[in-house]
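Okay, structure first, notes after.
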Amino acid sequence: MLSRIKFSLFLALALPATAGADLGRDPAWLRYLQVESTWMSGPRSSVRTPEFFLSSDGAVDPAAEWRASLRAFRRGERRVFAGEEQPLRCWFPARAELMERLSGEKFPAASCPAIERWRQALGGDRISVIFAGAYANNPASLFGHTLLRFGRGGEDRSDKLRTYSAGFLAATDPDDSKPVTIFKGLFGGYLGSFNVKPQYMTAALYNNSESRDLWEYPLSLTTDEVRWAKLYLWELSHGGGMVYYFADWNCSYRLLTFLDAVRPGLDLAARTDVFVLPLDTLRLMDEAALIERPGVGFEPSLRRRLDLKIAAMTPDERRGFREGRRDGETLRSLSSPLVLDALIDHWTARNYEQQTLLSPEERGLFDLTFQRRAALRVVTAESHPPRPVPDPDRGHPTSWAEASAGGVIRTFSSRLGAHDLRSPTGGYDGSAAIEYLGVDLHQDVRRGVLSSGRFLIGDVAALNDWSREFPAASWRAHGSVRFERGLRDEWRWWVDGGGGYGLSAEVSEGLLLFLLPSARVALNLGRAESWIAPALWGGARWEKGKNTFSLLTEIAREHDRDHADISLRWSRWLGRGSGLFAEAKGGAGPWKAWESDFAAGVRVYF
């Protein structure tokens with residue numbers, strides 16, 4: 001998976017569409033078939049469901065699929081799909097139109113009532129990309145999620161809820177455990193497909209159930225492109241199961257390959273990196289002038305709307321809110337529209353969280369809250385939380401490298417992705433941090449040699465704000481391979497990992513404190529020794545304007561020695577792509593005494 005080669009070279013070598021040429025190698029046809037290439041298998045379609053192909057070799061031979069489709073459309077063939085016989089054109093409407101456009105032929109027409117109902121149901125002549133922000137309670141959702149919405153443009157919120165959205169999702173097995181699901185998702189154990197749902201269901205899941213902000217990016221597609229996209233979505237959602245990999249051939253990558261088929265000249269998918277993140281796909285679309293920037297919209301999450309109401313309460317109103325969630329007598333005495341509106345938001349969120357299976361006591365309080373609010377007969381305008389600045393795609397890029405030098409240690413670090421606690425939070429969820437596939441190298445200036453370092457596998461943290469109103473635990477998990485040079489120049493290697501649960505709190509605007517009791521697991525590769533030890537990880541982050549202050553500390557008992565790391569860093573961001581920093585740090589490990597140093601350096605995002 002990590003060595004996947006994008007298909008741009010093969011497309012560049014494809015023959016142009018000229019009279020008499022084999023149009024089965026036309027780039028538009030290859031993108032329609034979702035042809036990819038890897039170093040192991042060579043060019044083949046990512047679609048794995050056989051009903052998508054009319055040739056037995058169609059998945060690996062685009063020209064054979066073209067010829068088989070051409071014969072079938074010319075003859076006006078009928079096929080049975082999903083137990084129903086229909087003209088072939090009614091199952092492959094986008095294919096028929098594309099082949100007519102490329103070949104200049106006209107195939108026999110067909111009456112397709114199901115497709116007409118489909119197009120009318122999707123409605124509108126505009127397509128937007130919906131970006132759902134990070135969901136801290138699920139590691140797989142810390143990157144966010146992207147999907148398409150079909151509409152007219154200029155709709156209000158209620159109009160949008162009556163439209164349809166489509167996202168590429170893995171068809172997971174509900175009987176699989178979480179570790180099995182993660183393994184299959186990483187290594188291609190599932191097929192994925194485009195799933196079409198009413199937008200109100202999408203909003204209920206992301207905006208309400210998971211309390212994720214939704215951003216909407218309108219696309220500058222023409223009316224004809226939108227019309228063809230609907231036909232193409234019909235085909236893929238009715239029999240276009242494709243290979244799914246969580247890290248690269250995922251929801252966002254498939255959105256790009258879909259748009260590349262709609263407008264072949266975009267070539268978005270070929271510009272992706274090894275890993276494909278939703279934020280990166282948004283940036284690619286913006287660079288291709290596909291996003292209509294003035295029309296970007298924002299829909300705050302249910303939790304964000306609720307937090308705004310709570311922030312506007314007096315101390316007495318907050319007390320009434322807390323007690324009204326538990327006590328019916330207190331609830332009957334409430335007369336504040338603000339408190340009752342907040343309680344409705346609370347019970348709505350709780351109802352989603354419990355998948356509508358509230359206890360009888362909770363259901364009774366929920367119903368009573370509605371009754372009390374209706375009895376007030378007061379209409380209040382919904383307060384709209386301020387839109388975060390900047391938009392998610394305008395935050396810092398997801399890969400970075402930094403170098404620093406100080407008194408005794410020079411350091412070089414790099415990460416393939418994506419957002420750490422020392423990065424500026426603009427455009428990101430400040431409660432989620434994730435780093436993966438990185439390296440840290442430390443050079444001892446006095447000896448002129450590489451002294452220590454690590455290869456980072458991953459470090460993920462969800463720092464949920466704990467409050468009296470909504471207590472939520474924070475968690476962290478990490479893993480790496482560390483190495484260190486001994487006094488006799490021997491190298492010591494060990495695998496290091498761990499995780500923990502604890503508390504985080506945003507005590508004031510921009511100031512986050514966190515403390516997580518943890519466990520560290522280590523395997524000394526040289527001595528074949530391993531140990532499990534208690535640890536404590538914590539710190540603080542304060543952000544003000546272009547300045548970020550971070551304090552990170554970790555203490556653990558490893559084998560027979562204490563391990564400790566502490567760093568205090570100030571960063572000054574020069575823009576979304578770079579920043580300067582100064583850092584005071586110290587540490588002690590299983591084979592060294594305490595050392596401290598001061599360093600200054602530069603970080604560059606790319």
Side-chain angles (χ1 to χ4, degrees), residues 133-134 136 142 213 303-304 307-308 310-311 385-390 392 394-398 400 402 404 406 411 413 415 418-435 459-476 478 500-518 536-555 564-587 596-605:
L142 285 173
D213 294 330
R303 176 61 187 270
R304 191 184 289 270
D307 286 345
L308 184 67
I310 293 174
R387 175 172 170 166
V389 177
R394 294 297 174 90
H396 67 77
T398 51
W400 58 263
E402 68 177 34
S404 64
T411 299
S413 298
R415 300 289 184 270
H419 173 77
D420 65 350
L421 292 172
R422 292 164 168 168
S423 296
T425 58
Y428 289 81
D429 185 341
S431 66
I434 182 167
E435 304 175 67
D459 192 341
V460 183
L463 303 178
N464 299 302
D465 183 28
W466 182 283
S467 68
R468 293 184 62 188
E469 288 78 15
F470 302 102
S474 298
W475 58 268
R476 179 196 179 210
H478 63 95
Y501 281 86
L503 302 179
S504 305
E506 188 171 0
V507 296
S508 64
E509 185 176 359
L511 176 58
L512 177 70
L513 305 178
F514 49 95
L515 187 65
L516 281 72
S518 308
L536 191 64
W537 180 72
R541 186 189 67 213
W542 181 53
E543 193 166 15
K544 186 69 174 179
K546 295 183 178 181
N547 299 289
T548 301
F549 297 85
S550 62
L551 171 65
L552 297 176
T553 181
E554 185 167 29
I555 303 172
D565 283 304
I566 183 171
S567 72
L568 176 63
R569 178 185 289 206
W570 163 77
S571 301
R572 173 72 177 182
W573 303 109
L574 306 178
R576 61 188 293 263
S578 62
L580 304 175
F581 65 87
E583 181 177 18
K585 54 187 176 181
S596 60
D597 196 17
F598 178 83
V602 59
R603 174 180 286 194
V604 177
Y605 291 91

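Since this is a predicted model, take the numbers as computed values, not measurements.
- Atom CG of Leu463 sits about 11.0 Å away from atom CG of Leu503, to the nearest 0.5 Å.
- Remark: Ser571 OG to Leu580 CG distance equals 9.0 Å, nearest 0.5 Å.
- The main-chain N or O of Gly395 is found under 3.5 Å from a side-chain atom of Arg576 such that the two form a donor-acceptor pair.
- Remark: Arg541 CZ to Leu513 CG distance equals 10.5 Å, nearest 0.5 Å.
- Using bins of under 30°, 30° to 60° and over 60° for the plane-to-plane angle, the ring pair Trp573/Tyr605 lands in the tilted bin.
- Side-chain atoms of Leu308 and Pro385, non-hydrogen and from C-beta on, do get closer than 4.5 Å to each other.
- The shortest distance between side-chain heavy atoms of Arg422 and Thr548 does not fall below 4.5 Å.
- Counting only heavy atoms from C-beta outward, the side chains of Ile566 and Leu568 never approach each other to under 4.5 Å.
- Residues forming a ring-ring contact (aromatic ring centres under 6.0 Å, His included) with Tyr428 (at least two apart in sequence, or on another chain): His396, His419.
- For the atom pair Trp542 CH2 and Glu506 CD, the distance stands at 13.0 Å (nearest 0.5 Å).
- Here the CG atom belonging to Leu551 is positioned 7.0 Å from the OG atom belonging to Ser567, to the nearest 0.5 angstrom.
- Using a 4.0 Å cut-off between charged nitrogen and carboxylate oxygen, Arg603 and Glu583 do not count as a salt-bridge pair.
- Listed by chain and number, the residues in a ring-ring contact (aromatic ring centres under 6.0 Å, His included) with Trp466 amount to none (sequence neighbours excluded).
- The two atoms that bring Phe514 and Ser504 nearest to each other are CB-OG, 3.4 Å, heavy atoms only.
- For Ser474 (side chain) and Asn464 (main-chain N/O), a donor-acceptor pair under 3.5 Å exists by modelled atom type.
- Ser423 and Arg415 share no donor-acceptor pair across their side chains, judged by distance under 3.5 Å alone.
- To the nearest 0.5 Å, atoms CG (Asp459) and CD1 (Ile434) are separated by 9.0 Å.
- In Phe470, the CZ atom is crowded: over 12 heavy atoms of neighbouring residues, nucleotides or ligands sit closer than 6.0 Å.
- Formation of a donor-acceptor pair under 3.5 Å by the Arg476 side chain with backbone atoms of Trp537 is not found in this model.
- Residues satisfying the ring-ring contact (aromatic ring centres under 6.0 Å, His included) test with Phe598, not counting sequence neighbours, are none.
- Between the side chains of Thr411 and Lys585, at least one donor N or O sits under 3.5 Å from an acceptor N or O.
- Put simply, the side chain of Asp465 does not reach to within 4.5 Å of the side chain of Ser431, judged on heavy atoms.
- Judged by distance alone, the side chain of Asp213 and the main-chain N or O of Gly133 form no donor-acceptor pair under 3.5 Å.
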